[in-house]
Amino acid sequence: MTYLSRFLYLFICGAVQIFFGAYLFLELMGADLGWPIKGNAMFIPGILIFITSGILTASYYFGDRKKNNALYDEYTALRYYKIGAIGYALNGIGIFILFSIQDWSNWDLQSANRMIYQIASFAWLIFGILIVWFSLGDYKEHKNG
């Protein structure tokens, strides 16, 4: 594993999350985009997350120790924790806003289902953006190294 390969894995994974999250979120908020993707295709970013996580985990445990010390150093961990904290804060704010804009007087099962999809798509969107942001740090490391 190198900075460039980790950048590619994470960038593709994050970009797919951004695409699906933004598409579903816009569709649920009332925009008619006319694309054939429906909510039941949201498993695709999840599958990519599992595959990418598996590849990164395998490279960490079975990879070269010298490369791992460079790839998984304290700077990378600090960057990861900062971005993760930002993501959870944004998610909390977004979920609060999604709860606030609901019409609770006309609440039914379909509205509850739509809100669950909105929360899921918002989380995919936020964490996709943050994965891409993290991967750009790997790209900078690749360019500098």
So if you build clusters from Ile, Leu, Val, Met, Phe, Trp, Tyr with side-chain heavy-atom gaps below 4.5 Å, do [X] and [Y] land together?
X      : Y      : answer
Leu125 : Tyr117 : no
Ile129 : Ile95  : no
Ile131 : Phe11  : no
Tyr81  : Ile86  : yes
Leu26  : Ile18  : no

Derivation of the side chain to side chain contact (heavy atoms under 4.5 Å, CB included) call for Tyr3 and Lys143: CA-CA 9 Å; Tyr3 282 115; Lys143 288 290 218 182; over 6 Å; no

Nearest heavy-atom neighbours spanning Gln17 and Gly128: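 Closest pair (atom of Gln17, atom of Gly128, distance): NE2-N, 3.4 Å.
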
Minimum-distance pair of heavy atoms, taken over all atoms of Asn106 and Ser111: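 Scanning both residues, the minimum pair turns out to be O-OG, 3.9 Å.
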
Asp73 vs Glu141 side-chain heavy atoms within contact, under 4.5 Å: no

Val132 and Leu10, any side-chain heavy atoms less than 4.5 Å apart: no

Residue list, salt bridge (charged side-chain N to carboxylate O under 4.0 Å, His left out) with Arg79, at least two apart or on another chain: Asp138

Let me check something: any side-chain donor-acceptor pairs from residues 47-65 under 3.5 Å, sequence neighbours excluded? List them with distances.
from	atom 1	to	atom 2	distance (Å)
Thr52	OG1	Leu48	O	2.8
Ser53	OG	Ile49	O	2.8
Thr57	OG1	Ser53	O	2.7
Ser59	OG	Leu56	O	2.9
Ser59	OG	Tyr72	OH	3.3

Distance in Å, Leu78 CG paired with Lys82 NZ, rounded so as to fall on 0.5 Å steps: 4.5 Å

Atom pair CZ/CD1 of Phe99 and Ile101 - distance to nearest 0.5 Å: 11.0 Å

ring-ring contact (aromatic ring centres under 6.0 Å, His included): pairs with one or both residues in residues 125-145, sequence neighbours excluded: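 Passing the test, one end in residues 125-145: Phe7-Tyr139, Tyr88-Phe127.
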
Single hit among Asn91, Ile97, Leu24 for side chain to side chain contact (heavy atoms under 4.5 Å, CB included) with Phe122: Asn91

